[in-house]
Every structure is written in C-alpha cells, then in structure tokens.
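The first residue of the sequence shown is numbered 1, and numbering continues consecutively from there. Since the model is a prediction, treat every value here as computed from it, not as a measurement. Note that ligands are numbered from 1 as they come in the structure, with each ligand's atoms numbered from 1 the same way. Both backbone and side-chain heavy atoms feed into the values below; hydrogens, waters and symmetry mates do not.
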Amino acid sequence: MNTSLVDFHCHLDLYPDHPGVVAECEEKKIFALSVTTTPKAWPRNRQLAGATRYVRAALGLHPQLVSERANELAIWKEHLSETRYVGEVGLDAGPRFYRSLELQKKVFAEVLRECARHGDKILSVHTTRAAKTVLDMVETLLPPPRGRVVLHWFTGSIAEARRAIDLGCYFSINAEMVANQRHHDLVARLPIDRILTETDGPFTTVGSRPRRPTDVTLVIDSLSQCLRIDSARLSTHVYDNLRRLLQDEGSHTR
Ligand code: MN
C-alpha cells in the first residue's frame, strides 16, 4: 500500500529553508497544507506551492496577530479568490491574547462571511479557549453547505467536539494532543472519518528540533495507539478523509 501522508496544518514559510521543506513534501508525497499567519506571506507561499503536486497554501490571518495586523484584512480579502484554502484563522482567548478577543471576533466573522460568499473554501481554524464561540460563529456564518472547517489542535470539551461533528467539522490532530492525557481522551472519542493529521511545525518540536512534515509519521504512530488501530489502516483512513474533504463540493480537487 502506498498511501500519502497528510500534514494538514504546518507553517512551511517559517522554516529557514522554505523551498527545501516544500521539496521534501513533494519528494516524500506528503500532502501538506501550508497555512500562513499574515496575508503578506501569501504570495510567496502561493508561488512555492503552485508548482507542486502535494503542497497547498492557505491564506490566513492568525488570531494571535490580529491586534497588530487587523488592517491586513483588506489584503486577505483581495487574495481570497486565488485559493480554496484559508488559514490560519480563528480565535485565541488564552491569557496572552484575550485583550484582542473582540477585535479577533470581528476579523473572524468577516473571514467566515467572505468564505460563505465565495463558497467551496476549506478552513484551518484555531480555537484556543474559544471553542464555543468559534462553533457559534461557524454555525451562523459558515454552515456546512457554504464551506468546510477543519479544527486545528482542538482542545475543547467532548460536548463541544460533538457539536463540531454535527456541524460537519474535521479535526487535524498532532502528537502533542495525543501526548496530553485530557486531550488524548477526547481524540480517542472522535469518529475516525473526521480525523486528519498535522504537525503544526515548526511550532512543535521533536527532541530539540522543530518538527517537519515528514514527522507526521510519528503522529500516525501515536494516534494509532490512541485509537487502537493499525497504523497502515489509520493512514488509509486519514488519506480517504482528506480526499472526501477535498471532493465534497464536487468540481475541483486541487
Ligand atoms: Mn499553527
């Protein structure tokens, strides 16, 4: 079996060798969603991903940067028609970013409205300490027929996860989630047909080095133990989930 691996949330532009890590994904046949943290990073990401078979770039405005960069929302809107993928976007109500939460909500609401207006977008969404608000906003502004939401590093409650499942959301799971006991229990209860894998590299590390998309094999290993399923079968599920997610709206798969 020769299934491709999936890293549905990584920041390829934040590695010192951006072109090298893109080439590595291509060579190892790793489907990588390269999310961006600011719309200004979009053109370079788009350029490097554009020539590949396995790498996609997502247009983002990271909630942790909203306090300084909310004015780049106009640039984000200008580029939106150039991509099917949006991220990293969402809300962060953790102590460091709580002060900008109202502004984050305004930006995220506008992101969801614009995605709904365009249609057929796939979003990688950050929900730190804000799962309920994110789900409320998705339900109102981007319900399932208008777009697809993948919750990145989801740490909400089991009840919130159930609600997300009902809203059609997918979950991209990383090794840190599986290593954390509380989140491990949540991950173990997710339906296998909603699971994708991610590294969130280079923000996560393995030993002392930043994780790379190739380290998604380690996510598969720990997740297969968590879900008590053979790792080859898990890889096949994840890849099937990715294909279903990308094909859901029919027409194009890129
Ligand atoms: Mn991230």
Polar side chain donor-acceptor pair, His18 to Asp13, under 3.5 angstrom: no
Heavy-atom check, side chain of Lys121 versus side chain of Arg148, under 4.5 Å: no
His126 versus Thr128, side-chain donor and acceptor atoms under 3.5 Å: yes
Modelled atom types, side-chain donor and acceptor of Thr36 and Asn45, under 3.5 Å: no
Test item: Leu5 and Thr217 side chains (from C-beta on) under 4.5 Å apart, heavy atoms: yes
Exam field: side chain Trp76 to backbone Leu59, donor-acceptor pair closer than 3.5 Å: yes
In the protein, N/O/S atoms that are found under 2.8 Å from the Mn ion (ligand 1), waters not counted: His9 NE2, His11 NE2, Glu88 OE1, Asp200 OD1
